[in-house]
Chemist: 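First the structure, which I've put down as structure tokens, then a few questions once you've had a look.
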Amino acid sequence: MIAVLQVAARHGRVFLLAGLAAGFFLPGLAAALRPWLPEMIACLLALTAYRIGPRAAIGGFADLRRSLALVAIYQLVLPLAALAVLMAFGVAGHPLALAAILMLAAPSVTGAPNFAILLGHDPAPALRLLVLGTAAMPVTVLPVLAFGPGLGSGAETASAALRLLGVIAAAASLGFFIRYKTLREIPVAGQQALDGAASLLLGVVVVGLMSALGPAFSVNPASVLAWLAAAFVLNFGLQFAAAAVFGPRSETPGWAIAAGNRNIALFLVALPADITDPLLVFIGCYQVPMYLTPILLERLYRAHR
């Protein structure tokens, strides 16, 4: 089994591509997996926490201080700045504008540390942004929703963020606890096996996340392609910008990956249906650049090794 998982780790990008293809071409399978997404994502996070360990994940005081500053920039400064620009041009109510604002206001996706691993980098900076960003979201999201046109109730979104934080905290704590009780130091072969297991699970998770994309494409392919182009520009644009700003340092890959890959799906349980319905297609499209990050942006992050 260890040998099989090590092979999966070496070919992790293949499983991401396979998951994207299955989510698009097998809508029945995607719909069947979608109800299990919370459990699968929790397992993925617990596995990642076990692989990293509590000491590396927490880091020192300086690591936490920088992470908190980045959370404020990512989830408060950027969405408010984007909102101000869009309102100045009178297009803040456009569905694409709303998608961009909500994406910027969301914390990092739970898979961000795994993307860092697939790119050969330290996943701890991305994990810190994931946990701290989710914990801060009930506060950072309120000004965005208050100033945004018709973006719904801040209390409902804050409640959804708190529920997500509970899942993340429980899953990460379980992973850290098992790591503490078993292996203080995981050998290289064990790390490779864990990376392989995470790659397999990521490939399954993306199938469920794309459940709305295939049916939408069959109805209106031009609209889906437009949303897909917007998703690539927003996701990759933020990653390139963050990598350029932070420069060649060891934390840059984790920070840049978290900048472009956000958990916009969190708003599905908190905002009115007339706002979230168009977002279903965008969220499906958003998975494509997200899961192609370890493949298409390998050259961008190679300089940081």
Chemist: So, for A242 and A259, which heavy atoms are closest and what is the spacing to 0.1 Å?
Modeler: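 Where A242 meets A259 most closely, the heavy atoms are CB-CB, 3.9 Å.
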Chemist: Show me the pairs that pass side chain to side chain donor-acceptor pair (under 3.5 Å) and involve residues 69-78, at least two apart or across chains.
Modeler: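 For residues 69-78: Q75-T140.
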Chemist: Looking at every heavy atom in both L96 and A230, which two are closest together, and how far apart are they?
Modeler: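 Scanning both residues, the minimum pair turns out to be CD1-CB, 3.5 Å.
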Chemist: Please determine whether residues V233 and L86 belong to a single hydrophobic cluster, defined as Ile, Leu, Val, Met, Phe, Trp and Tyr linked transitively by side-chain heavy-atom distances below 4.5 Å.
Modeler: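 No, separate clusters.
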Chemist: I need the minimum non-hydrogen distance between G175 and A49, along with the two atoms involved.
Modeler: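 G175 and A49 have their closest heavy atoms at CA-CB, 4.2 Å.
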Chemist: If you group Ile, Leu, Val, Met, Phe, Trp and Tyr by side-chain heavy-atom gaps below 4.5 Å, do F25 and L213 land in one group?
Modeler: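 Yes, it is one cluster - the side chains of F25 and L213 are joined through contacts under 4.5 Å.
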Chemist: List for me each residue that meets side chain to side chain donor-acceptor pair (under 3.5 Å) alongside T182, sequence neighbours excluded, and say none if there are none.
Modeler: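 Y50.
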Chemist: Taking the side chain from R262 and the backbone from A106, do they hold a donor-acceptor pair closer than 3.5 Å?
Modeler: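 Indeed, once roles are kept as given, a pair shorter than 3.5 Å links the two residues.
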Chemist: Short question: side chain of S218, backbone of P215 - any donor-acceptor pair under 3.5 Å?
Modeler: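 Confirmed, S218 side chain pairs with P215 backbone.
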Chemist: Do C285 and V224 have side chains that approach each other closer than 4.5 Å (heavy atoms only, starting at C-beta)?
Modeler: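 Yes. Closest side-chain heavy atoms under 4.5 Å.
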Chemist: Side chains of P143 and L76: does their closest heavy-atom pair fall under 4.5 Å?
Modeler: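 The answer is yes, as the side chains (C-beta and beyond) meet within the 4.5 Å cut-off.
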Chemist: Do V77 and V141 belong to the same hydrophobic cluster, where Ile, Leu, Val, Met, Phe, Trp and Tyr are linked whenever their side-chain heavy atoms lie under 4.5 Å apart, directly or via other members?
Modeler: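 Per the 4.5 Å side-chain linkage, V77 and V141 are not co-clustered.
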Chemist: Scan for side chain to side chain donor-acceptor pair (under 3.5 Å) pairs involving residues 84-94, sequence neighbours excluded, and state none if there are none.
Modeler: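 Residue pairs with at least one partner in residues 84-94: there are none.
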Chemist: Could you tell me if the side chain of V281 sits less than 4.5 Å from the side chain of S223, heavy atoms only?
Modeler: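 Side-chain contact under 4.5 Å: no.
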Chemist: Going through the checks in order, is the side-chain contact (heavy atoms from CB on, under 4.5 Å) test met by C43 and L201?
Modeler: CA-CA 9 Å; C43 289; L201 191 52; 4.0 Å; yes
Chemist: Does any part of the side chain of I283, heavy atoms only, come nearer than 4.5 Å to the side chain of M210, both counted from C-beta?
Modeler: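 Not touching, per the 4.5 Å side-chain cut-off.
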Chemist: Going by heavy atoms in the side chains, are P253 and L119 under 4.5 Å from each other?
Modeler: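 P253 does not reach L119 side chain to side chain.
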Chemist: Going hydrophobic residue to hydrophobic residue with side-chain gaps under 4.5 angstrom, can you get from I73 over to V245?
Modeler: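 They do share one cluster, since a chain of ILVMFWY contacts under 4.5 Å joins I73 to V245.
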Chemist: Between P123 and P113, which heavy-atom pair has the shortest distance, and what is it?
Modeler: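 Closest approach of P123 to P113, heavy atoms only: CB-O, 3.3 Å.
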Chemist: Which donor-acceptor pairs under 3.5 Å do side chains of residues 290-297 form with protein atoms, sequence neighbours excluded?
Modeler:
residue, atom, partner, partner atom, Å
T293, OG1, Q239, NE2, 3.1
T293, OG1, P289, O, 2.9
T293, OG1, M290, O, 3.2

Chemist: Does some side-chain heavy atom of H121 sit less than 4.5 Å from a side-chain heavy atom of I257?
Modeler: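 Not in contact.
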Chemist: Testing V206, L118, N114 one by one against L16 for a side-chain contact (heavy atoms from CB on, under 4.5 Å), which residue passes?
Modeler: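 Among V206, L118, N114, the one meeting side-chain contact (heavy atoms from CB on, under 4.5 Å) with L16 is L118.
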Chemist: With clusters defined by side-chain heavy atoms of hydrophobic residues (ILVMFWY) lying less than 4.5 Å apart, directly or transitively, does F89 cluster with F147?
Modeler: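 The answer is yes; both residues are in one hydrophobic cluster.
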Chemist: Got a sec, which pairs hit ring pair (Phe, Tyr, Trp, His ring centres under 6.0 Å) with one end in residues 199-224, sequence neighbours left out?
Modeler: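 Sorted pair list: F24-F217.
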Chemist: Is there a side-chain contact between L104 and L80 in this structure, where contact means two heavy atoms from C-beta onward sitting under 4.5 Å apart?
Modeler: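 No, too far: nothing below the 4.5 Å cut-off.
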Chemist: Please confirm whether the backbone N or O of G247 pairs with a side-chain atom of T252, one donor and one acceptor, at under 3.5 Å?
Modeler: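 Yes, the answer is positive, given that a donor and an acceptor are paired below the 3.5 Å cut-off.
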Chemist: For residues F282 and I264, determine if any side-chain heavy atom of one lies less than 4.5 Å from a side-chain heavy atom of the other.
Modeler: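 When only atoms from C-beta onward are counted, I264 and F282 do touch, with a gap below 4.5 Å.
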Chemist: Quick check: closest heavy atoms across V71 and A136, and the distance to 0.1 Å?
Modeler: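 The answer is CG1-CB, 3.9 Å.
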Chemist: Tell me the closest heavy-atom pair linking V204 and M40, and the distance in Å.
Modeler: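 That would be CG1-SD, 3.6 Å.
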Chemist: Would you please name every residue forming a side chain to side chain donor-acceptor pair (under 3.5 Å) with Q287, sequence neighbours left out?
Modeler: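 Listed in chain order: nothing, the list is empty.
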